[in-house]
Number of protein chains: 2
Amino acid sequence: MSPGSKQPLPSRDEPPAAEDLEIIEPLCSVFRRKLKSEGLKYTPERAHILDSVIRFDGIFEVERLIEELRKGPLRVSKATVYRTIRLLQEAGIIQRVLFDQEQSHYQLVYGSKPSDLLIRVDTRQIIPIDVPELVAIRAALCERLGLEAKGHRFQVFAIGR
Amino acid sequence: MSPGSKQPLPSRDEPPAAEDLEIIEPLCSVFRRKLKSEGLKYTPERAHILDSVIRFDGIFEVERLIEELRKGPLRVSKATVYRTIRLLQEAGIIQRVLFDQEQSHYQLVYGSKPSDLLIRVDTRQIIPIDVPELVAIRAALCERLGLEAKGHRFQVFAIGR
DNA sequence: CTTGGTGCAAACATTTTGCAGCACA
DNA sequence: TGTGCTGCAAAATGTTTGCACCAAG
């Protein structure tokens, strides 16, 4: 059910790898800026949630996020998780990704990282992919219809060979 | 909320257009064959639901489908609608399509009609599009990963200009 | 004090299920 | 007479909301 079928997350105690630092710092700042700009606070609960989201470093379901949070020392309620997820979306840090017949999944969006996905239907593994051609394709399509493309979603379903 | 924001459906009383006949007949047969193959029955309720689905000829939400059904003389319960939708999916007649923050939508799939979509986020109109290049793109992607593409989903979000 | 944040439980919306009765072979 | 089908209402699921209390400026 979950992406990658429950592979262990990097532990909270390990020092983050160098490439993670590049990610964690800006994201954290983005979130704080967003909160500050609306007179909201960067609380321990919100920090904890963002931290977990980052450690997923990919796609997660709320249920699994809550499960992870429960392992930490700080108890965070479901309500707060959902409220924070909304804030993270508004801040452009995560975005919703939908698959069939399941609960919502969310995906970290670092700046303009690719949001195209390859889903292995046999293993349920989800692999982010980058398909730069899509930008031209969608622009051409919209051009023809007198519209302006604002985004897209591309998911490929595949099986091992 | 609904695709195309509640444009009227073709009435049940109008004779179907020629191109609709080409669609209705095979779909009906496909469904009957599927049912028969499992020892299930083609009941008036199921026929009525398939009929309404066909008249939508595109994308619909369950709520709207139920609303349409209520206008007919035959009362069909929500439970039966959901049960029939599952059968129609199994028969490959419709498929689920998900958008953000809404209830499930379903889409007629006549054989191999395109399932790529352009969604006008300003008017919420949904326009089916055909992007043949995607087949090659997804094949190339999977080739590189040693996988086999089995399908894809492509949705473009756009606004008027 | 005032503002915002939290947890809890209740509310909600959508979809699924259990069950009693119905219809047809 | 058994099998499947239906409607209804209850249950289940995922998400949101109302509320009382807490915390920081």
Side-chain angles (χ1 to χ4, degrees), chain A residues 1-2 31-53 59-70 72-91 94-106, chain B residues 1-2 31-53 59-70 72-91 94-106:
Chain A
M1 223 91 226
S2 303
F31 193 35
R32 290 167 98 134
R33 200 174 319 123
K34 185 253 175 350
L35 292 173
K36 183 159 255 175
S37 79
E38 303 189 19
L40 306 179
K41 292 164 190 163
Y42 187 66
T43 63
E45 287 83 359
R46 288 173 183 168
H48 190 196
I49 292 169
L50 175 57
D51 180 60
S52 289
V53 164
I59 291 175
F60 61 91
E61 321 159 24
V62 178
E63 199 189 327
R64 190 115 154 67
L65 178 61
I66 291 172
E67 199 180 291
E68 270 305 302
L69 289 167
R70 294 253 191 271
L74 180 58
R75 169 150 265 82
V76 183
S77 74
K78 230 173 23 174
T80 296
V81 171
Y82 277 107
R83 288 188 277 234
T84 302
I85 280 177
R86 184 182 301 184
L87 293 171
L88 289 169
Q89 279 185 277
E90 288 172 15
I94 61 175
Q95 81 181 185
R96 211 181 200 186
V97 187
L98 297 172
F99 304 109
D100 285 320
Q101 69 217 332
E102 289 163 34
Q103 66 177 309
S104 293
H105 287 67
Y106 294 85
Chain B
M1 223 90 226
S2 303
F31 194 35
R32 289 167 98 137
R33 200 173 321 122
K34 184 255 174 354
L35 293 172
K36 182 160 258 174
S37 79
E38 304 190 19
L40 306 178
K41 292 165 191 166
Y42 188 66
T43 64
E45 286 84 359
R46 288 173 181 168
H48 191 197
I49 292 170
L50 175 56
D51 181 61
S52 289
V53 165
I59 291 175
F60 60 91
E61 320 159 25
V62 176
E63 198 188 328
R64 190 117 155 66
L65 178 62
I66 290 172
E67 197 181 291
E68 270 305 301
L69 288 167
R70 295 254 190 269
L74 179 58
R75 170 152 261 85
V76 184
S77 74
K78 230 172 21 175
T80 296
V81 171
Y82 278 106
R83 287 188 277 234
T84 302
I85 281 177
R86 183 182 301 184
L87 293 172
L88 289 169
Q89 280 186 276
E90 289 172 12
I94 62 176
Q95 79 182 188
R96 211 180 202 188
V97 187
L98 296 172
F99 304 109
D100 285 322
Q101 70 217 329
E102 290 164 31
Q103 68 177 308
S104 293
H105 287 67
Y106 294 85

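Per chain, numbering begins at 1; letters A, B, ... match sequence-line order. The analysis underlying the following values was restricted to heavy atoms, covering all of them including side chains, and did not include hydrogens, waters or symmetry mates.
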- Going by an N to O cut-off under 4.0 Å, is there a salt bridge joining A/Glu90 and A/Arg86? no
- Task: Can you see which heavy atom on B/Ile94 is nearest to which on B/Val53, and at what distance?
- Result: CG2-CG1, 3.8 Å
- Message: Quick check for you: to the nearest 0.5 Å, what is the distance between A/Arg70 atom CZ and A/Leu65 atom CG?
- Response: 10.5 Å
- What is the distance from NE2 of B/His48 to C1' of D/dC5, rounded to the nearest Å? 17 Å
- Of all heavy-atom pairs linking B/Ser104 and B/Arg96, the shortest is OG-NH2, 3.0 Å
- What are the two closest non-hydrogen atoms of A/Leu35 and A/Lys41, and how far apart are they? CD1-O, 3.6 Å
- Message: From OH of A/Tyr106 over to C1' of D/dT15, roughly how many Å is that when rounded to an integer?
- Response: 8 Å
- Nearest-angstrom distance from the residue atom NZ of B/Lys78 to C1' of D/dA9: 10 Å
- Query: Would you say a side-chain N or O of A/Ser104 is under 4.0 Å from OP1 or OP2 of D/dG14?
  - Reply: no
- Note on the structure: Between B/Leu69 and B/Ser52 the two heavy atoms that sit nearest each other are CD2-OG, 3.3 Å
- Task: Mind listing the closest non-hydrogen atom pair of B/Ile49 and B/Val81 along with its distance?
- Result: CD1-CA, 3.8 Å
- Item | Sorted by number, the residues of residues 35-45 of chain A with heavy-atom contact under 4.0 Å to DNA chain D | none
- Map B/Thr80 and A/Val62 onto DNA chain D by nearest heavy atom, then report which one ends up closer to the 5' terminus. B/Thr80
- Message: Need two values: the first and the last nucleotide of DNA chain C, 5' to 3', having an atom under 4.0 Å from any heavy-atom of chain A.
- Response: C/dG4 to C/dC8
- Side chain B/Arg83 and base D/dG7 donor-acceptor under 3.5 Å: yes
- Which atom pair, heavy atoms only, marks the closest approach of B/Lys34 to B/Leu87? CE-O, 3.8 Å
- Task: Starting at atom OH of B/Tyr82, determine the distance to atom P of D/dG7, rounded to an integer number of angstrom.
- Result: 15 Å
